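Only one structure is covered here, and it is reproduced in the block below.
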There are 2 protein chains.
Amino acid sequence: MLLIELYLTTNLDLTPVKKNNQINCNDCGIHDLCLPALLADVDISNLDSIIQRSSRSINKGFHIFNTGDSFQYIYAVRSGAFKSYVNSYSGEEQIFSFHLPGELIGLDAIYSNIHCSSAVALEESQICRIPYEFLDENSVGSEGLKSQVMKLLSKEITEDQQLLMQLGQMKAKEKMAALLINLSIRYEARNLPHDLFTLPMSRGEIANYLGLTIETVSRVFRELKGYGFIKIKGKKIVLKDIPALKHLAGIFVSNNPNENAIK
Amino acid sequence: MLLIELYLTTNLDLTPVKKNNQINCNDCGIHDLCLPALLADVDISNLDSIIQRSSRSINKGFHIFNTGDSFQYIYAVRSGAFKSYVNSYSGEEQIFSFHLPGELIGLDAIYSNIHCSSAVALEESQICRIPYEFLDENSVGSEGLKSQVMKLLSKEITEDQQLLMQLGQMKAKEKMAALLINLSIRYEARNLPHDLFTLPMSRGEIANYLGLTIETVSRVFRELKGYGFIKIKGKKIVLKDIPALKHLAGIFVSNNPNENAIK
DNA sequence: CGGCGGATTTGACTTATATCAACATAATGA
DNA sequence: TCATTATGTTGATATAAGTCAAATCCGCCG
């Protein structure tokens, strides 16, 4: 496989990637969850020369892009977590997505070539990125890549719609259960414990994301703990009764949907 | 320009398009708002042989696709209006989009090749459609088309995120003002009166879309009428004070954002 | 280690919006 | 046309979640 030495030259705090400590996509721990897994039709060795990896981690609070930035890269989370948010006209922040390892960030800018959201690290994180040009209509050899990115875009729409549904008609308790189950499923997909993890976001970020207040988030956690559905201490959470949480979230589980019913 | 006689052969109530009553994209009234406008790089004459037009209108209540249907076409609204919705596990409907003329429907299915939403006509409508194959990764000559659809997908994500913001933190009055302004902008884009139009959707559909109840929608209309911001009778609405509505929706208008302030 | 500041929890109270119920109006169809 | 049904309005009341305020917890830094 051909490996090309890359010198990254952006505002990101990335050091040049050296030949000898370079990891290729095939060796990456989240290979199956990231772009390569979606690129069956594309020559992966070629992809490896396109994808740029950060050699050192990104600090909590570091913005990988801001609203108004020109579209230069698509990012993939290698480790850690990010949030995407937009600012309303009145300046308030609205989080619309949390990004876990193996997930992509920045696709919103394809439309206007300008990012209309900001993305920031919620904790010590590592990322990979692909120059935007490889998705550009004039680029060659990226046919399969473009199709896959279209699928990802489409998937993102589907996910946004699910969130819309949650925000639109669900009660606080249901929204929170839905978030926990959603995180659980995503952690499971990367082969991490799905019933015991550390929430990468603060209570305030959960509240913002779900359209609630911090106090309500706190109270609902207490209530779910009271039911024995979860154990929570700070950001460490254990999902003790996933079927009950799924039921709360409106996800059909048992044959008798009333048997776990809680007012 | 080459025009090809097309026989449409689906579950849609479309009659064969005859040569002599066929309209091509260049002649279409919403040409500037639809796919052709986004396809500067693509040979439009070729597109005209791809796009299929309905010769008769679609009745209110007709579904152009349902959840679970395989992905066969991308649709463009020629006249009328549609809504897209998903059903929750418990069976309730959640509307996430209204589609006005010149807008596309069905892009959500690119990810899984199966529609995960349903689309239904809100009134007597006409549509065009493009077979999905022309976006398929194996298709030739659709490079520009694919790039444009990617942009549309990206745009849709941006729009969904705006709606998310609305649902998440806005009050009922603000949500409704935002919807009215949004419709106004979209009508303006198709060169229709932007301050006087007929709402294509029912009060119940507005309520569902905004995460409110029918009663609240009705009451907020009355309140906005009381302020003199709108005139409304049934589905006919006049936006009498667009700056005030924009201000309510949180869109910055004047230099002194407090001067229109209403509790 | 100890203290400072931000994050979280908890309680008391308020309020926006939902719910329930009755009525009015508009659309539909024989 | 009128009867019938769907859709929209209005009022009274209930409640989920927000607001305000105080207490507690926790991480961080000298």
Side-chain angles (χ1 to χ4, degrees), chain A residues 59-61 83 92-95 120 122-124 166-180 198-227 230-237 248 250 262-263, chain B residues 59-61 81 83 92-95 120-124 166-180 198-227 230-237 248 250 262-263:
Chain A
N59 287 328
K60 174 175 177 170
K83 68 175 174 185
E92 299 132 56
E93 170 177 323
Q94 171 65 49
I95 299 165
V120 63
L122 296 173
E123 59 189 45
E124 205 81 355
Q166 288 173 25
L167 286 177
Q169 7 204 251
M170 290 171 100
K171 300 268 165 62
K173 208 188 306 178
E174 298 163 354
K175 290 179 184 180
M176 301 240 334
L179 173 61
L180 294 180
T198 300
L199 295 167
M201 70 296 277
S202 71
R203 301 291 190 271
E205 284 160 341
I206 293 173
N208 181 294
Y209 177 72
L210 295 176
L212 302 170
T213 58
I214 291 179
E215 293 93 326
T216 300
V217 168
S218 182
R219 277 186 261 264
V220 170
F221 271 143
R222 178 158 48 112
E223 196 182 349
L224 294 178
K225 193 157 63 173
Y227 292 142
I230 62 171
K231 249 169 70 178
I232 187 163
K233 182 101 200 295
K235 295 192 168 173
K236 299 214 184 305
I237 189 166
L248 257 186
I262 283 177
K263 167 75 185 89
Chain B
N59 288 328
K60 174 175 177 172
K83 69 174 174 184
E92 299 131 57
E93 170 178 322
Q94 171 64 49
I95 299 166
V120 63
L122 295 173
E123 59 189 46
E124 205 82 355
Q166 288 173 24
L167 286 177
Q169 6 204 251
M170 291 170 102
K171 300 269 165 63
K173 208 188 306 177
E174 299 164 354
K175 290 179 184 180
M176 300 231 349
L179 173 61
L180 294 179
T198 300
L199 295 167
M201 71 296 280
S202 71
R203 301 291 190 271
E205 283 159 343
I206 293 173
N208 180 295
Y209 177 71
L210 295 176
L212 302 170
T213 58
I214 292 178
E215 293 94 325
T216 299
V217 168
S218 181
R219 278 186 261 262
V220 170
F221 272 142
R222 178 157 48 113
E223 197 182 350
L224 295 178
K225 193 157 65 175
Y227 292 142
I230 62 171
K231 249 169 71 178
I232 187 164
K233 182 102 199 295
K235 295 192 167 172
K236 301 213 182 305
I237 189 166
L248 256 188
I262 284 177
K263 164 75 187 104

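So that the names make sense, note that chain A is the first sequence line, chain B the second, and so on, each numbered from 1. Predicted model, so just to flag it, every value in this text is computed and none were measured.
Atom pair A/Leu210:CG and D/dG18:C1' shows a separation of 15 Å (rounding to whole Å applied). Taking atom NZ of A/Lys235 as the reference point, atom P of C/dA7 lies 9 Å away to the nearest angstrom. One can place CE of A/Met170 at 16 Å from P of C/dA18, the figure rounded to the nearest angstrom. In this structure, CD1 of B/Ile232 is placed 11 Å from P of D/dT10, rounded to the nearest angstrom. The interatomic distance linking A/Ile214 (CD1) with C/dT10 (C1') rounds to 14 Å, in whole Å. Taking atom CG of residue B/Leu199 and atom C1' of nucleotide D/dT7, one finds them 14 Å apart after rounding to whole Å. Atom NZ in A/Lys236 sits roughly 9 Å away from atom P in D/dG27 (whole-Å rounding).
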Enumerate the protein-to-nucleotides 21-24 of chain C contacts in which both atoms are nitrogen or oxygen and the separation is below 3.5 Å.
none

Report, one pair per line, the protein and nucleotides 2-6 of chain D atoms (nitrogen or oxygen only) whose separation is under 3.5 Å.
none

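Residues passing the side chain to side chain contact (heavy atoms under 4.5 Å, CB included) test with A/Lys236 are A/Thr198, sequence neighbours excluded. With sequence neighbours excluded, no residue forms a side chain to side chain contact (heavy atoms under 4.5 Å, CB included) with B/Ser218. For the side chain to side chain contact (heavy atoms under 4.5 Å, CB included) test, residues two or more places apart in sequence or in another chain that qualify with A/Ile214 are A/Arg203, A/Ala207.
B/Lys233 comes within 4.0 angstrom of the backbone, heavy atoms only, and of no base. If you check every strand for non-hydrogen atoms under 4.0 Å, A/Arg222 touches sugar and phosphate atoms only. Contacts of B/Ser202 with the nucleic acid, taken as non-hydrogen atoms under 4.0 Å apart, involve only primed sugar atoms and P, OP1 or OP2. Residue A/Leu212 is classed as a sugar-phosphate contact, given heavy-atom separations below 4.0 Å to backbone atoms only.
Of the candidate nucleotides D/dA16, C/dA18, C/dT8, D/dA16 has the atom lying nearest to any side-chain atom of A/Lys171.
Taking only side-chain nitrogens and oxygens, B/Thr213 never comes nearer than 4.0 Å to OP1 or OP2 of C/dT17.
Heavy-atom minimum distance, B/Glu93 versus B/Lys83: OE2-NZ, 2.9 Å.
For the helix from C/dC1-D/dG30 to C/dA30-D/dT1, the rotation axes defined at the first and last 5 base pairs enclose an angle of 50°, given to the nearest 10°.
A donor-acceptor contact under 3.5 angstrom links the side-chain atoms of B/Arg219 to the base of C/dT19.
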